[in-house]
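Read the structure below first, then the notes.
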Amino acid sequence: MAGHSHWANIQRTKGAADKKKAKLFAKLARNIQVAAKEGGSNADMNFKLATALEDARAASMPRDTIERSIKKGTGEIDGATFEQVTYEGYGPGGVAVIAEALTDNKNRLAADIRRIFENANGSLGTTNCVVFMFQRKGVLTFPVSAAGEDQMMTDALDAGAENMETDGDLYVITAPPAEFEAVKKALSKKYKPTSSDIAMVPKDWIKVDDEIGRKVMTLLENLDDNEDIQKVYMNAELPETLVGK
């Protein structure tokens with residue numbers, strides 16, 4: 001995959017439909033609210049909230065919107081109650097797809113997601129139908145310009161990471177979710193990450209051609225365009241001709 005980063009392209013595809021700030025902010029606010037409800041308003045003691053706040057600030061979300069979302073989560077002001085739901089299915093070419101959502105109406109969302117899959121010639125599956133193809137990992141990426149490969153590998157392993165791969169113009173470092181925050185803090189003292197997330201990482205990638213790749217990208221973009229959907233993952237290795245589109 002020389003010349004580009006497959007991982008970065010997946011991330012771009014995942015967020016490609018979030019061109020309107022209002023929609024992006026609505027998703028981020030919902031994520032902050034749920035994180036605050038689950039673990040409290042102290043980001044130093046609530047890793048999930050700290051990550052949600054980091055994402056919000058990276059998107060230049062207004063401070064008052066962030067604070068209001070936290071207060072909704074802690075019950076200081078009224079807010080809707082959101083439930084975490086995960087959808088699994090198959091896209092074009094048998095590509096495995098996972099969509100994680102926060103919703104206040106499961107029945108409505110399930111119908112919407114089923115329609116999106118069917119319109120893409122895919123199928124919404126049952127619980128656990130594709131999740132076994134993925135592993136939940138903490139994922140950090142750094143530009144290869146940050147350090148030599150041997151140095152980055154040494155620093156990553158010393159920090160407690162379990163693996164590092166070079167993917168195009170990025171180093172992709174993975175760690176168990178329980179160790180992720182410590183790894184991130186240690187590496188961030190030396191390098192500025194380009195992304196950090198707890199993600200569903202495919203155990204194996206499925207190579208697809210241009211035609212299937214375009215259909216898969218459309219499916220992911222349509223899923224991500226739904227305001228309830230927070231994250232979308234797939235195991236398709238897209239052709240270089242589609243990268244960045």
Side-chain angles (χ1 to χ4, degrees), residues 1-19 21 24-25 27-28 31 43-44 47-48 50-61 134-208 210 213-214 216-217 220-221 224 230-245:
M1 303 294 288
H4 74 274
S5 166
H6 179 56
W7 179 260
N9 184 65
I10 297 300
Q11 299 300 84
R12 282 196 296 272
T13 301
K14 179 171 69 70
D18 280 332
K19 295 178 181 178
K21 283 287 185 179
L24 175 57
F25 287 169
K27 291 191 177 194
L28 293 170
N31 198 28
D44 292 334
F47 170 67
K48 188 172 182 179
T51 301
L53 293 177
E54 186 176 281
D55 291 343
R57 289 166 183 150
S60 300
M61 189 173 180
F134 297 77
Q135 301 177 82
R136 189 169 290 279
K137 299 286 185 182
V139 181
L140 282 165
T141 63
F142 297 91
V144 294
S145 59
E149 185 172 358
D150 289 344
Q151 183 63 54
M152 183 63 77
M153 174 69 81
T154 297
D155 290 340
L157 295 179
D158 286 347
E162 63 182 10
N163 190 39
M164 188 203 83
E165 295 181 357
T166 301
D167 183 10
D169 56 0
L170 291 178
Y171 294 126
V172 180
I173 295 169
T174 56
E179 309 297 329
F180 180 59
E181 182 64 9
V183 173
K184 178 180 175 181
K185 284 183 177 179
L187 290 175
S188 295
K189 291 178 180 178
K190 294 188 65 174
Y191 313 110
K192 183 178 181 179
T194 53
S195 68
S196 62
D197 199 7
I198 300 293
M200 296 298 290
V201 179
K203 295 178 181 178
D204 296 292
W205 298 94
I206 296 177
K207 289 187 177 181
V208 297
D210 283 18
R214 280 191 290 270
V216 169
M217 289 174 68
L220 266 65
E221 289 166 2
D224 193 62
Q230 290 288 317
K231 298 178 182 179
V232 181
Y233 305 104
M234 68 172 182
N235 65 348
E237 183 176 312
L238 300 173
E240 291 193 28
T241 53
L242 297 181
V243 173
K245 291 187 177 182

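Quick note: residue numbers are just sequence positions, from 1. Quick caveat, the model's predicted, so the values are computed rather than measured.
Between Ile198 and Arg136, some side-chain heavy-atom pair lies under the 4.5 Å cut-off. Contact of the Asp169 side chain with the Pro143 side chain is not registered, since no non-hydrogen atoms from C-beta on lie closer than 4.5 Å. Put simply, the side chain of Val172 reaches to within 4.5 Å of the side chain of Val139, judged on heavy atoms.
Between the OG1 atom of Thr166 and the CD1 atom of Ile173 there is a distance of 9.5 Å, given to the nearest 0.5 Å. Distance check: Thr194 OG1 to Leu170 CG gives 4.5 Å after rounding to the nearest 0.5 Å. Expressed to the nearest 0.5 Å, how far CE of Met234 lies from CD1 of Ile206 amounts to 10.5 Å. Remark: Phe25 CZ to Ser60 OG distance equals 6.5 Å, nearest 0.5 Å. Note that the CG atom of Leu140 and the CE atom of Met164 stand 12.5 Å from one another [nearest 0.5 Å]. The CZ atom of Arg57 sits 12.0 Å away from atom CG of Leu28, with the distance rounded to the nearest 0.5 Å.
Proximity of a side-chain donor or acceptor of Tyr171 to a complementary backbone N or O of Ala147 within less than 3.5 Å is detected. In this structure, Lys27 contributes its side chain and Asp224 its backbone to a donor-acceptor pair below 3.5 Å.
Considering all non-hydrogen atoms of both residues, Phe47 and Glu181 come closest at CE1-OE1, 2.5 Å. Looking at every heavy atom in both residues, Ala175 comes nearest to Val183 through CB-CG2, 4.0 Å. Listed here is the closest heavy atom pair of Ala186 and Ala159: CB-CB, 3.7 Å. For Ala52 against Asn31, the heavy-atom pair with the smallest separation is CB-ND2, 3.8 Å. Residues Gln151 and Tyr191 share a closest heavy-atom pair of CG-OH, 3.7 Å. Residues Ala199 and Tyr233 come closest through the heavy atom pair CA-OH, 3.5 Å.
Applying the salt bridge (charged side-chain N to carboxylate O under 4.0 Å, His left out) test to every pair with at least one member in residues 156-166, sequence neighbours left out, gives these pairs: Lys137-Glu162.
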Exercise for the section: Begin from the C-alpha positions of Thr174 and Gln135 and carry the test side-chain contact (heavy atoms from CB on, under 4.5 Å) through to its verdict. Expected result: CA-CA 11 Å; Thr174 56; Gln135 301 177 82; over 6 Å; no
Handout entry: Worked check of side-chain contact (heavy atoms from CB on, under 4.5 Å) between Lys190 and Phe142
Key = CA-CA 11 Å; Lys190 294 188 65 174; Phe142 297 91; over 6 Å; no
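Salt bridge annotation for Lys189-Asp155: absent, with no cationic side-chain nitrogen under 4.0 angstrom from a carboxylate oxygen.
Lys207 is linked by a salt bridge (Lys or Arg N to Asp or Glu O under 4.0 Å) to nothing, counting only residues two or more places apart in sequence or in another chain.
Residue Lys185 qualifies as open at atom NZ: its count of foreign heavy atoms under 6.0 Å is 12 or below.
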